[in-house]
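Proteins get letters first, then strands, A, B, ... in listed order; numbering begins at 1 in each. For the numbers below, each heavy atom of this structure counts, side chains included, while hydrogens, waters and symmetry mates do not.
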Number of protein chains: 2
Amino acid sequence: MTENESTLLQEHITRHHLKITNEREMVLRAFMEAERHVTAEELHDGMKRKGLAIGLATVYRTLNLFCQCGLAERRQFGDHHTRYELTYNVTHHDHLICTQCHQIIEFENLDIERLQEEVARRHQFTIYHHKLELYGLCVACNQKNAREKPDEPMGG
Amino acid sequence: MTENESTLLQEHITRHHLKITNEREMVLRAFMEAERHVTAEELHDGMKRKGLAIGLATVYRTLNLFCQCGLAERRQFGDHHTRYELTYNVTHHDHLICTQCHQIIEFENLDIERLQEEVARRHQFTIYHHKLELYGLCVACNQKNAREKPDEPMGG
DNA sequence: ATGACTGCAAACCTTTTGCATAGCG
DNA sequence: CGCTATGCAAAAGGTTTGCAGTCAT
């Protein structure tokens with residue numbers, strides 16, 4: 001099943017008279033192995049750490065190519081980095097983002113989606129996509145904070 | 001009731017040993033009169049167009065001050081601009097964003113909020129804030145498109 | 001052989017910062 | 001007066017682009 005991403009990319013490349021290169025294959029492999037929601041720089045660093053020689057600009061260009069062919073999508077959470085997420089053959093989901101350890105948890109909730117459609121209908125609006133992000137603290141960070149500053153329940 | 005924003009700002013200023021300046025009052029007035037979800041540059045342009053002399057850096061610094069005292073919040077929709085929104089004395093709401101005319105419609109839905117809390121609970125996550133953005137076409141753009149290209153119902 | 005791809009460095013664009021001057025408290 | 005604010009221009013930080021050389025087809 002890992003063939004699918006590669007196939008999609010190759011079809012796009014052929015259709016647009018582009019070329020399959022070593023670099024593009026390298027980035028695709030690294031992208032699929034990397035954590036979801038990587039930045040271009042993280043991916044680039046990871047590749048270099050594995051001894052793969054590639055320029056940062058090429059990583060950016062390749063990730064943007066992935067977005068054009070529907071393999072990936074760009075996300076922007078709080079910080080000023082653009083993150084890329086593999087979305088091909090992946091069902092839609094939303095995100096819980098820990099503002100302390102930056103862990104990202106994915107979830108899906110059809111009831112929420114239904115209510116969103118209802119809101120849209122009420123405003124005669126046609127939804128093409130949406131973004132639901134819940135920011136806060138994960139269990140681990142919550143417990144860690146309780147341990148470290150037990151007498152500051154409400155902050156200063 | 002328009003006094004409240006000014007009062008909040010003044011309290012913050014006094015508490016932090018800052019100073020009330022002409023520039024800060026100008027920006028506050030312009031900010032309250034401006035469209036919600038302005039960028040710093042839009043606000044700056046608008047002020048200059050009214051003959052108010054102020055530097056862009058000061059506008060940025062002042063909007064950031066507003067965020068610190070709870071008067072405003074930063075938002076980042078699709079583009080790479082930071083938008084500032086007056087949030088003092090405004091109940092929480094989410095956004096419908098027309099990707100064609102860039103109109104922004106605000107809405108609130110307590111059922112969705114409740115479901116969000118449920119999701120968080122299930123993941124033992126504590127939500128501090130969230131962001132729900134529905135992207136698509138508003139009625140006007142939808143109708144306009146239907147009129148202009150009636151024989152392209154599914155696109156190419 | 002043509003035309004796309006790569007790496008590098010420079011350019012870009014929005015936002016922030018350093019510095020000298022102006023002005024609130 | 002001391003200390004904060006301002007304006008300008010320069011810096012910063014992430015992303016894109018121009019160019020000369022390389023490589024896929």
Q.
In whole Å, I'd like the distance from the CD1 atom of Ile54(B) to the P atom of dG23(C).
A. 14 Å
**Q.** Closest to side chain of Glu23(B), choosing from dG7(D), dT16(C), dT17(D)
**A.** dG7(D)
Q.
Could you tell me how far apart His16(A) (NE2) and dC5(C) (P) are, to the nearest whole angstrom?
A. 12 Å
Q. Of the nucleotides dT15(D), dG25(C), dG7(D), which has the atom closest to the Lys19(B) side chain?
A. dG25(C)
Q. Parallel under 30°, tilted from 30 to 60°, perpendicular over 60°: which one fits the rings of His37(A) and His95(A)?
A. perpendicular
Q.
Classify the ring geometry of Phe31(A) against Phe66(A): parallel below 30°, tilted from 30° to 60°, perpendicular beyond 60°.
A. tilted
Q.
What is the distance, to the nearest angstrom, from the NE2 atom on His44(B) to the C1' atom on dT15(C)?
A. 14 Å
Q: Consider the side chain of His81(A), meaning its heavy atoms from C-beta on, and name the nucleotide among dT15(C), dT25(D), dG14(D) that approaches it most closely.
A: dG14(D)
Q: Could you state the atom-to-atom distance from CG of Leu63(B) to C1' of dT16(C) in whole Å?
A: 14 Å
Q.
I want to verify a distance call: between dT25(D), dT16(D), dG7(C), whose nearest atom is closest to the Thr58(A) side chain?
A. dG7(C)
(Q) In this structure, how many angstroms lie between the C1' atom of dG13(D) and the CD atom of Gln76(B), rounded? (A) 14 Å
Q) From dT14(C), dA9(D), dT6(D), pick the nucleotide closest to the side chain of Arg61(B)? A) dT6(D)
(Q) I need the CG-P distance between Leu43(A) and dG14(D), as an integer number of Å. (A) 16 Å
(Q) In the structure I gave you, are the side-chain heavy atoms of Ile20(A) and Glu25(A) within less than 4.5 Å of one another anywhere? (A) yes
Q | Hphob cluster co-occupancy, Leu28(B) + Tyr88(B), side-chain heavy atoms under 4.5 angstrom | A | yes
Q.
Tell me whether the side-chain N/O atoms of Thr21(B) come closer than 4.0 Å to OP1 or OP2 in dT6(D).
A. yes
Q. Side-chain N or O of Thr82(A) less than 4.0 angstrom from OP1 or OP2 on dT15(D)?
A. yes
Q) Relative to the 5' end of DNA chain D, which residue comes earlier, His80(B) or Ala53(B), by the nucleotide with the nearest heavy atom? A) Ala53(B)
Q. Closer than 4.0 Å, any side-chain N/O of Tyr60(B) to the OP1 or OP2 of dT15(C)?
A. yes
(Q) If you define the side chain from C-beta out and look only at heavy atoms, does anything of Phe107(A) sit under 4.5 Å from His93(A)? (A) no
Q. Between dG25(C), dA5(D), dC5(C), which one does the side chain of Leu18(A) approach most closely?
A. dC5(C)
Q) On DNA chain C, nearest-nucleotide positions of Asn22(B) versus Glu41(B): which is more 5'? A) Glu41(B)
Q) Can you check the Lys48(A) NZ to dG7(C) C1' distance for me, whole Å? A) 12 Å
Q.
Between P on dA22(C) and CD1 on Ile20(B), what's the gap in Å once rounded to a whole number?
A. 23 Å
